[in-house]
Undergrad: 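Sharing a structure, written as structure tokens. Questions coming.
Atoms within each ligand, like the ligands themselves, are counted from 1 in listed order.
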Amino acid sequence: MRIIAKIYTLLFLILISLPLVAQNTVPETGNYVEILPTDSKDDIIRKAANVIPSEKQMAWQRMELTAFLHFGINTFTNREWGEGTEDPGLFNPEELDAGQWVKTCKDAGMKLIILTAKHHDGFCLWQSKYTKHSVKSSPWKNGKGDVVKELADACREQGMKLGIYLSPWDRNSAVYGTEEYNNYFVNQLTELLTNYGDVAEVWFDGANGEGPNGKKQVYDWQRYYKTIRQLQPNAVIAIVGPDVRWVGTESGYGRDTEWSVVPAMVQDEDEVAARSQQEGGTFRPAIDAMAKDLGSRDKLLVAKRLVWYPSEVDVSIRPGWFYHKNQDTKVKSVEKLLDIYYSSVGKNSLLLMNIPPDKRGLIYENDVETLRKWRKVLNETFEDNLAANARIVNEKVLSVEEVKSLTDNDYDTYWKAKEEMPTIEFRMDGTKTFDCLLLQEKVTVGQRVEKFKLEAKLNGKWELITEGTTIGYKRLLRFPEVTADTVRLAIEQSRANPALAEFGLFKSASINDH
Ligand code: FUL
């Protein structure tokens, strides 16, 4: 009896102490973590290594390539920024074919299309109940057309995701600059997020100019975010938003060292509390998106909070965001677009490429042809991983099964190293010629690698082929052609034991054969 009583007492004590333990434990993983004043340097690095993407951030990252369609009244006035006074009568894309837009993007490997439902000029591409400054007042389809609907339908038919760009800056709305405008904006968001099926990304730019009455607007971001979370819980909110950050340039080139875990300034304690209570949260990390270094150890050590805030690279296939006839010959070359691919997707970012439809309502022939060739070169380059049948020299580091998971082109299977700085030696099934290295970290474990190098055994001696800092979701490095049968990858610095999903060696396809 006495023993049973003792066991009960012990169980009781364990039970009542559980909440205390839970309260004192800092969550090991999640898409943000608070840094406590008592945290040591090692604690902070460990916390950084365990911040992981939310589910929607992960799904977003895995798309890799997405398209932007800048289309609207500017397409007809040959401008980049309209003033809000344009005559809706000018909007008449007589051959508009959203199916052609989607097919062009799909053939190019893009997984989502973001349409400028409203740009700064305030002209709406859908049948909004809240303004006449829209397709309703245009001759296109006798005022009955709806571009958002046509795109949403075409996306659904062809298995493409839909994204919405809704400019908060509105140079047409008479109520801009007053609280009423926030209602107007939320009403428009509600229309767009209710009437067109699933929306996977909402894209807000930060422009905050003056409205028609000379007033500036105080945007009610929290209300906008709340509306989106309620209506489309799976959508990421990008740029001026909590889920996706702007890489900092519009050139198509990301950073060599690109951390998805970055320190965010603590702006407002209420926001923090609100976020902790809500899955996914609605607070927008305050960062300097254009800074050269966002997430190095130096930055982490002075941080108050670390967040998973991955980078998106937006760039236009042409000089302008909108279509201009005189830019038909200025479509970026296949070579340039390849360079952009390696410098965005290949640098731990997602590429958002703008392809503006023309006045007919079609993507222009030059753009279609360039994208087709670009995709063909990419497909041919990455179809054959030359390391696919490699054996591992040191099986203590990596088993036969684990090495397969690294070269199976399946992001879901991965290898978690038993040490912080492993070196893996691969012996390939024969001599191979390659000029590109692919590495992918399994970021649902954490982004950890800070420094790595690839060497090849040439004439019996190890020679450096290429080296880098961060890997993240995907890292691609190009180098002059190498012919070898044995290579080794050394992780030279890491924040914790790294988890790698993919390792690949490829030979670039030639651009000229396409
Ligand atoms: C910017 C806008 O001002 C440009 O017109 C364009 O839409 C770009 C993607 O975002 O902030």
Undergrad: Tell me whether Asp243 is salt-bridged to Arg229, with the criterion being a basic N under 4.0 Å from an acidic carboxylate O.
TA: yes
Undergrad: So is there a nitrogen or oxygen of Asp314 less than 3.5 Å from a nitrogen or oxygen in ligand 1?
TA: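 Not met; the criterion fails.
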Undergrad: Among His119, Glu80, Arg79, which residue places a heavy atom closest to atom 4 (C) of ligand 1?
TA: His119
Undergrad: Taking Arg372 first and then Asp107, would you say they form a salt bridge - that is, a charged N and a carboxylate O separated by under 4.0 Å?
TA: no
Undergrad: Return the closest protein heavy atom for atom 7 (O) of ligand 1 as residue, atom name and distance.
TA: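 Protein heavy atom at minimum distance: His70 NE2, 2.7 Å.
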Undergrad: Of all the heavy atoms in Phe322, does at least one lie under 4.0 Å from an atom in ligand 1?
TA: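 No; Phe322 lies far enough from ligand 1 that no heavy-atom distance drops under 4.0 Å.
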Undergrad: Using 4.0 Å as the upper bound for N to carboxylate O, is an ion pair formed by Glu312 and Arg245?
TA: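 Answer for the salt bridge query: no.
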Undergrad: Quick one: pull up CD in Glu450 and OG1 in Thr469 and give me the separation to the nearest 0.5 Å.
TA: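 Answer rounded to 0.5 Å: 9.5 Å.
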Undergrad: Ring centroids only, cut at 6.0 angstrom: are His119 and Tyr165 within range, meaning strictly under it?
TA: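 Ring-ring flag for His119/Tyr165: true, centres closer than 6.0 Å.
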Undergrad: Which residue owns the protein heavy atom closest to atom 1 (C) of ligand 1, what's the atom, and how far is it?
TA: Asp205 OD2, 3.6 Å
Undergrad: To which protein heavy atom is atom 3 (O) of ligand 1 closest, and what is the distance rounded to 0.1 Å?
TA: His120 NE2, 2.8 Å
Undergrad: Given 3.5 Å as the limit, does a donor-acceptor pair link the side chain of Gln57 with the main chain of Tyr309, or not?
TA: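 Absent.
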Undergrad: With the threshold set at under 4.0 angstrom, would you say Tyr165 reaches ligand 1 through any of its heavy atoms?
TA: yes
Undergrad: Would you mind running through ligand 1 and noting each atom that sits below 4.0 Å from a heavy atom of Phe68?
TA: 9 (C)
